[in-house]
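All ligand and atom numbering here is 1-based and tracks the order in the structure. Predicted, not measured: the structure shown is a model, and the values here were computed from it. The figures here come from the full heavy-atom set of this structure, side chains too, leaving out hydrogens, waters and symmetry mates.
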Amino acid sequence: MNTIAQDLTGRVAVITGASSGMGRATALLLASRGARVALLARRKDALEQLAADIRAQGGTALAIPTDVTDPASVEAAAAAVLAEFGNADLVFNNAGLMLPGAIGAQPQREWETQIDLNVTGAMRVIQAFVPQLEAAAAQGKVVDLINTSSIASQYVYGYFAVYSATKAFVSHLTRHLRLELGPKNIRVSVIEPGITETELQGHFTFQGAIDWLANAAQSIEFLKAEDIAATVGFIVSMPKHVNMQQIVIMPTREGI
Ligand code: NDP
């Protein structure tokens, strides 16, 4: 395929973090363009509602309640995708959590959870689905693995040390994966968004970050989840020989 492929009919997309924000918006976009979408996150009700919405619009969706920090849960999700849709050929590895906090004072659970989810969880998804991506590539399909990192992977923000480091892992991992998987015809990309209006910031407990966010919202029009979905849509529409390795996407008024 050497042209821009707006029509995604025939593709099998797995989206983690599909119950809200960027994952949800991306699932809606990919399904509207013909991909069959597997929706992974923990909240069953939200996934089932999204799947129903997609079906009502003529799309094909499967809700698979999954905790990506649980190896058995991720393996079961991979098996369910294979059984229902065949091999995944598009994985949007997107589930994540951001909990700013002061080093030495942040509750242990908060920094641990970010590492468990953003690093280990992301790796579990990759390990579980790469065999399917390899099988799809071997069949000659266009194949994408897209990881969600953050602008925080590149810049230094006060009290975001652990979160930023988890996203630096994701960005650097992506470079290595592209080297390893590219020769197998698997495209590997990372998206590094700036601040985006989703549920992510609703989990903050650190007052300094809550205040910073309120202040930022006064001066910046945040990105929308749909802006990230459009970016995923752009990446997967590229001709088969084109790998968009890294996309940084920022609100126009977010200065860094
Ligand atoms: P949301 O909070 O809206 O979405 C996060 C998603 O991750 C939810 O669907 C949540 O679903 C899922 N999730 C959380 N924990 C788990 C788990 N253990 N297993 C499976 N799924 C889980 O935020 P965003 O859409 O903003 O976040 C998407 C990605 O974007 C994250 O990786 C985030 O770090 C990154 N990002 C966000 C930015 C922003 O400003 N919003 C900026 C840059 C990057 P559930 O609770 O149902 O499990």
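Nearest to atom 32 (O) of ligand 1 by heavy-atom distance, out of V74, D45, T148, N94, is N94. Of the candidates T66, T166, T26, T66 brings a heavy atom nearest to atom 20 (C) of ligand 1. Here atom 4 (O) of ligand 1 lies nearest to S20 when heavy atoms of S20, A18, G21 are compared.
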Quiz item: What's the verdict on salt bridge (charged side-chain N to carboxylate O under 4.0 Å, His left out) for R43 and E199, showing C-alpha distance, side-chain angles and the deciding distance?
Solution: CA-CA 13 Å; R43 282 171 290 175; E199 293 181 8; 3.1 Å; yes

Practice problem: Report the C-alpha distance between L82 and N87 in whole Å, list the side-chain angles of each, state the deciding distance to 0.1 Å, and finish with yes or no for side-chain contact (heavy atoms from CB on, under 4.5 Å). | Solution: CA-CA 5 Å; L82 188 62; N87 289 310; 3.1 Å; yes

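Residue contacts with ligand 1, taken as heavy atom pairs separated by less than 4.0 Å, do not involve E192 at all. At a heavy-atom distance under 4.0 Å, no atom of E197 approaches ligand 1. The proximity of F222 to ligand 1, defined as any non-hydrogen pair under 4.0 Å, does not occur for either the backbone or the side chain. Contact annotation: for S149 versus ligand 1, heavy atoms closer than 4.0 Å belong to the backbone alone.
Under a 3.5 Å cut-off, the side chain of R187 and the backbone N or O of V236 do form a donor-acceptor pair. At distances below 3.5 Å, not a single donor-acceptor pair connects side-chain atoms of D67 with backbone N or O atoms of R42. Side-chain atoms of K240 never come within 3.5 Å of backbone atoms of N185 as a donor-acceptor pair (strictly under, hydrogens ignored). Looking at T16, its side chain does come within 3.5 Å of a backbone N or O of N94 through a donor-acceptor pair.
Scanning the protein for heavy atoms near atom 43 (C) of ligand 1, the closest one is P193 O, 3.3 Å. Among protein heavy atoms, atom 19 (N) of ligand 1 sits closest to V68 N, 2.9 Å. Residue, atom and distance of the protein heavy atom nearest to atom 36 (N) of ligand 1 are Y163 OH, 3.5 Å. Protein heavy atom in closest approach to atom 41 (N) of ligand 1: T196 O, 3.0 Å. Of the protein's non-hydrogen atoms, the one nearest atom 6 (C) of ligand 1 is G17 CA, 3.5 Å. Nearest protein heavy-atom contact of atom 26 (O) of ligand 1 is T198 OG1, 2.6 Å. Among protein heavy atoms, atom 14 (C) of ligand 1 sits closest to R42 NH2, 3.5 Å. Among protein heavy atoms, atom 10 (C) of ligand 1 sits closest to S19 OG, 3.8 Å.
Side-chain contact between I146 and T148: absent, with no pair of heavy atoms (C-beta onward) separated by less than 4.5 Å. The side-chain heavy atoms of I228 and T196, taken from C-beta on, include a pair separated by under 4.5 Å. Counting heavy atoms from C-beta on, the side chains of F129 and V81 come closer than 4.5 Å. The shortest distance between side-chain heavy atoms of L177 and V130 does not fall below 4.5 Å. Taking the side chain as every heavy atom from C-beta outward, I195 and P251 approach each other to under 4.5 Å.
For ligand 1, the atoms lying closer than 4.0 Å to a non-hydrogen atom of L117 are 14 (C), 15 (N), 16 (C), 17 (C), 18 (N). The Q201 neighbourhood of ligand 1 comprises atoms 39 (C), 40 (O), 41 (N), with distances under 4.0 Å to a heavy atom of that residue. Close approach to E199 involves these atoms of ligand 1, each under 4.0 Å from a residue heavy atom: 2 (O), 3 (O). Taking every non-hydrogen atom of D67 and a distance limit under 4.0 Å, the qualifying atoms of ligand 1 come out as 17 (C), 18 (N), 19 (N). Each of the atoms 40 (O) of ligand 1 lies under 4.0 Å from some heavy atom of I195.
The number of heavy-atom neighbours closer than 6.0 Å to CD of Q139, taken from other residues, nucleotides and ligands shown, is above 12. Applying the 6.0 Å contact sphere to CZ of R175 captures more than 12 heavy atoms from other residues, nucleotides or ligands.
Residue contacts with ligand 1: L40 is placed with no nitrogen or oxygen under 3.5 Å of a nitrogen or oxygen of the ligand (distance criterion only).
Ring pair F160/F204 is perpendicular by interplanar angle, where above 60° counts as perpendicular and below 30° as parallel.
In this structure, G194 counts as a contact residue of ligand 1, since one of its heavy atoms falls inside 4.0 Å of the ligand. Distances from ligand 1 to the non-hydrogen atoms of T16 include no value under 4.0 Å.
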